[in-house]
Student: 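One structure coming up, written as structure tokens, with questions to follow.
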Amino acid sequence: MKSAWQFFKIHFLSDMRNRKSIFWAMLFPSILLFILVLTFSNLGVKGSLDFRIIIVDEAQSVKGIDYANSLISAFRSLSYPNKNGFFTIVKVMKGSVKDAFNDVLYSKADAIIEIPRDFNKLVMRSVLFARLGLPFAAAHIKVYYLPNEASSSLAQGAIDGVMDEVNSYMMSKFNYHLKEFTVQSETIGEMMKAPTYTDFVTPGIIIIGAFTTGLLLVGPKLAFMKRNMVMKKYASTPVSPKSFFTGFTFSKLFLMIIQYFLLAILAVLVFNSAVHIFSPWAILYYLFTCMIYILIGFDIGFLFSSPTAVSALTSVVNLPLEFLAGIYFPLFNLPWYVNIFVWSNPLWYATNAMRQFLNVGLSTTPMWLNVFIPALWGMASLIFLSTRKMWKRI
Amino acid sequence: MEKVIEVRDLRKKYGNFEAVKGIDIDVFKGEVFGFLGPNGAGKTTTLEILEGLRKPTSGTIKMFGEEIKGDVIPEIKERIGVVLQQTSFLDHLKVKEILELFASFFKKSISIEKALEMVELKEKVNAYPENLSGGQRQRLAIAVALINDPDLIFMDEPTTGLDPQSRESIWVLVEKLKSNGKTIFLTTHYMEEAQRLCDRITIIDHGKVVETDSPEHLILKYGGESKIDFSCTPTPPTEKVEELERELQGKIHKLDDHCRIVTKDLTQTLEKIVLWSKKNNVSLTDVFFIEPTLEDVFLNLTGRELRD
């Protein structure tokens with residue numbers, strides 16, 4: 001225990017006194033947060049995109065009249081594969097809108113159009129009242145979407161945008177101008193409001209910070225110790241490998257905890273982020289992922305003996321994983337072969353989970369997968385390490 | 001005499017390659033034991049087995065009278081200190097912190113002040129190793145090896161790459177450790193170092209022990225003949241040189257600007273050269289005697305120089 005504490009102390013001190021370590025562990029993620037927030041907080045999105053829509057028809061027909069069907073036809077006319085399509089209708093279903101929520105949560109669709117139960121009744125009444133010159137309550141539909149998912153937000157905007165054309169369709173069909181035919185938007189889940197870009201990016205930056213620390217402060221340091229016979233020197237003494245690995249690991253973990261609070265406080269105090277930094281689940285999950293990143297760092301450190309090779313490999317591993325984690329921008333409309341990398345990327349799951357735990361938005365991947373996939377990486381790293389006979393391989 | 005290390009028929013194989021082929025070594029308490037061999041002779045492998053860094057394929061090792069089976073046990077490691085060939089420390093740690101770390105590995109340790117005093121680095125207690133000179137860093141490495149007050153110290157080429165002054169300070173330190181009763185197992189590439197410091201030397205080659213003895217005996221047995229280098233003014237004619245060759249019953253080798261004669265009897269040969277010079281009115285200039293050294297022993301025993 002005494003030597004584990006000493007290992008913890010000296011590795012922590014060594015990192016804290018090392019300008020490079022401070023840069024990568026503290027300054028780099030902070031700078032990244034600054035740059036991204038300052039650059040993209042007012043980001044506007046333009047362009048032609050394909051959104052996947054589910055239509056849930058809850059409307060009850062009134063005396064055999066079904067305006068909802070006409071509305072669905074209107075949406076179909078505006079969808080692919082029509083020439084001027086705005087979106088793709090994934091499916092039209094009867095039943096409750098709640099049945100379709102998971103499809104949006106797990107990225108099978110971008111938004112849901114709900115045609116409410118009283119839709120036919122309201123349209124019928126409004127047509128009649130309009131002919132009689134009486135005031136009437138317009139029929140409406142609801143659009144459900146995820147505000148923290150760009151594709152979902154854009155889909156909601158697109159539906160809002162095509163409502164004029166839907167109205168025109170309805171007018172030509174019933175010879176009446178339903179100009180008060182409105183769209184009501186609802187967010188899916190418990191989210192109170194759409195997150196700001198700072199909220200969106202902060203969980204990912206926290207994850208990147210931990211990942212960078214795990215890779216850059218573990219792998220190259222181990223390679224250095226191996227190359228320069230520091231490990232050999234330890235092995236010639238009675239100190240146990242357990243003491244070394246415990247002290248070393250906890251020194252990195254402690255650094256990562258400081259990093260978490262530094263970044264979270266920076267986001268909250270400087271950028272007015274609404275992230276819940278003291279959420280116990282967020283902290284627990286963060287510690288869990290930190291352990292995985294440290295293990296990956298161990299793998300890289302023991303795979304190569306040259307610190308330069310380790311640094312190069314670290315960059316090669318680091319950058320694609322970061323960009324395929326949906327940290328800076330939401331990931332959507334990716335080709336299947338890129339999606340394979342996304343689905344196997346532990347940073348993606350960690351970012352999704354942290355967004356939910358920090359109360360930024362619902363995770364777009366099931367929580368069990370957010371635990372399972374990183375855990376799988378951890379297990380693979382452990383198995384690899386056990387085959388390397390770390391302590392003896394000096 | 002008490003044996004600190006006793007090795008019998010030590011073997012180590014890496015796949016089909018046998019690096020160590022049945023080595024026997026005895027190291028006695030309080031001696032400086034030199035372990036010399038050209039590169040690839042099996043020296044490092046043997047040393048690492050003794051330090052507990054590798055397992056032997058077969059053979060028996062006793063340290064402090066206790067047989068080592070498998071890994072070197074912590075109780076033995078408590079009594080040994082290791083100075084590796086190349087010593088690096090983690091950056092951004094003070095000398096004091098490094099010593100505190102290593103002290104924490106052992107049940108008993110000496111104070112940091114004492115360890116630093118022994119290697120004359122007391123004033124560097126708060127310095128960073130990256131700011132120390134090569135010689136000071138090596139002395140720090142020795143302080144680290146001494147922190148547990150070991151009975152046996154392994155030193156793997158402790159002065160390689162150091163300037164003559166730093167080397168001298170390490171030699172003085174080794175002599176001091178010896179006078180304090182420590183047993184030292186030393187490998188070196190410097191014959192001068194082995195000759196000055198070692199009580200006994202084992203020379204290994206191709207994984208086998210070639211010879212073990214004191215430096216003096218090794219030189220007597222295997223050092224070969226002495227050499228006398230001399231120059232003459234004026235340069236004697238060839239027939240006069242041939243006359244001297246007949247007198248000495250040996251060949252005179254003409255080198256760049258001087259002559260060399262190899263002899264078993266240094267005094268008698270020198271007398272003959274002096275007489276010859278007087279007789280022929282030739283002045284002897286630049287007379288040098290080259291006595292056999294461990295380098296010659298090594299060359300004669302292995303056919304290679306130590307650094308080959």
Side-chain angles (χ1 to χ4, degrees), chain A residues 1-25 216-218 220-248 251-252 255 301 305-307 389-394, chain B residues 44 47-55 70-109 128-130 137 140-142 144-148 150 152-157 185:
Chain A
M1 202 57 211
K2 188 174 66 168
S3 42
W5 161 247
Q6 281 294 336
F7 274 124
F8 168 83
K9 193 180 92 177
I10 63 127
H11 282 289
F12 182 69
L13 280 177
S14 166
D15 286 335
M16 292 306 283
R17 287 173 187 159
N18 185 349
R19 283 184 207 154
K20 264 192 208 168
S21 308
I22 293 295
F23 175 80
W24 286 110
L216 288 180
L217 299 191
V218 175
K221 199 158 196 174
L222 284 174
F224 169 86
M225 289 198 286
K226 251 176 23 169
R227 167 63 67 93
N228 293 291
M229 299 191 192
V230 179
M231 300 292 271
K232 205 173 202 175
K233 179 76 187 145
Y234 293 158
S236 71
T237 70
V239 73
S240 69
K242 202 169 68 185
S243 295
F244 169 76
F245 288 110
T246 307
F248 185 81
S251 72
K252 305 300 167 208
L255 195 68
S305 55
S306 150
K389 295 179 186 166
M390 293 179 296
W391 194 248
K392 290 292 170 192
R393 205 178 161 84
I394 43 185
Chain B
T44 305
L47 191 66
E48 289 188 344
I49 290 170
L50 296 177
E51 289 168 348
L53 301 174
R54 290 184 196 282
K55 279 183 188 171
D71 288 325
V72 175
I73 55 171
E75 286 73 18
I76 299 288
K77 286 186 175 179
E78 289 281 344
R79 297 181 67 182
I80 65 173
V82 174
V83 180
L84 295 171
Q85 200 178 101
Q86 175 200 359
T87 307
S88 290
F89 301 101
L90 281 180
D91 286 342
H92 312 292
L93 289 179
K94 292 175 183 174
V95 163
K96 188 174 95 178
E97 289 160 352
I98 290 167
L99 287 165
E100 274 171 2
L101 171 73
F102 279 91
S104 76
F105 299 165
F106 299 94
K107 283 180 189 158
K108 80 174 166 81
S109 59
Y128 291 97
E130 51 266 41
R137 268 204 298 274
L140 172 60
I142 296 174
V144 166
L146 296 176
I147 196 74
N148 56 323
L152 169 64
I153 303 159
F154 290 100
M155 291 186 162
D156 190 5
E157 298 181 17
F185 191 108

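Order of the sequence lines fixes the chain letters, A, B, ..., with proteins taken first and strands second; residue numbering starts at 1 for each chain.
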Student: Check side chain to side chain donor-acceptor pair (under 3.5 Å) between A:N228 and all other residues, then give those that pass, not counting sequence neighbours.
Tutor: B:Q86, B:S88

Student: With a distance cut-off below 6.0 Å to the six-membered ring centre and an angular limit of 45° from the axis, does A:K233 pair with B:F89 as a cation-pi contact?
Tutor: no

Student: Under the rule for side chain to side chain donor-acceptor pair (under 3.5 Å), what residues qualify as partners of A:D15, not counting sequence neighbours?
Tutor: A:K221, A:K252

Student: What do the steps show when you test B:E51 against A:K232 for side chain to side chain contact (heavy atoms under 4.5 Å, CB included), and what is the final call?
Tutor: CA-CA 10 Å; B:E51 289 168 348; A:K232 205 173 202 175; 5.7 Å; no

Student: Under 3.5 Å, side chain of A:S14 to main-chain N/O of B:D91, donor-acceptor pair present?
Tutor: yes

Student: In the structure I gave you, are the side-chain heavy atoms of B:H92 and A:M16 within less than 4.5 Å of one another anywhere?
Tutor: no

Student: Is chain A contacted by the side chain of B:K107, its backbone, both, or neither, given a heavy-atom distance below 4.5 Å?
Tutor: neither

Student: Any side-chain heavy-atom pair from B:I80 and A:S236 closer than 4.5 angstrom?
Tutor: no

Student: Against chain A, label B:L101 side chain, backbone, both or neither, depending on which of its atoms sit under 4.5 Å from a heavy atom there.
Tutor: both

Student: Given a strict heavy-atom distance threshold of 4.5 Å, which part of B:A103 is in contact with chain A: side chain, backbone, both, or neither?
Tutor: backbone

Student: Nearest 0.5 Å, please: how far is CD1 in A:I10 from CG in B:L93?
Tutor: 5.0 Å

Student: Nearest 0.5 Å please: distance from the OG atom of A:S3 over to the CZ atom of B:F106.
Tutor: 10.5 Å

Student: Between chain B and each of A:R17, A:M229, A:M225, A:R227, count heavy-atom pairs under 4.5 Å; write down the option with the most.
Tutor: A:R17

Student: Is any side-chain heavy atom of B:K77 closer than 4.5 Å to a side-chain heavy atom of A:T237?
Tutor: no

Student: Establish, yes or no, whether a centroid distance under 6.0 Å links the rings of B:F105 and A:F7.
Tutor: yes

Student: Hey, are B:E97 and A:K9 close enough for a salt bridge, meaning a charged N less than 4.0 Å from a carboxylate O?
Tutor: no

Student: Checking heavy atoms, do the side chain of B:E75, its backbone, both or neither come under 4.5 Å from chain A?
Tutor: neither

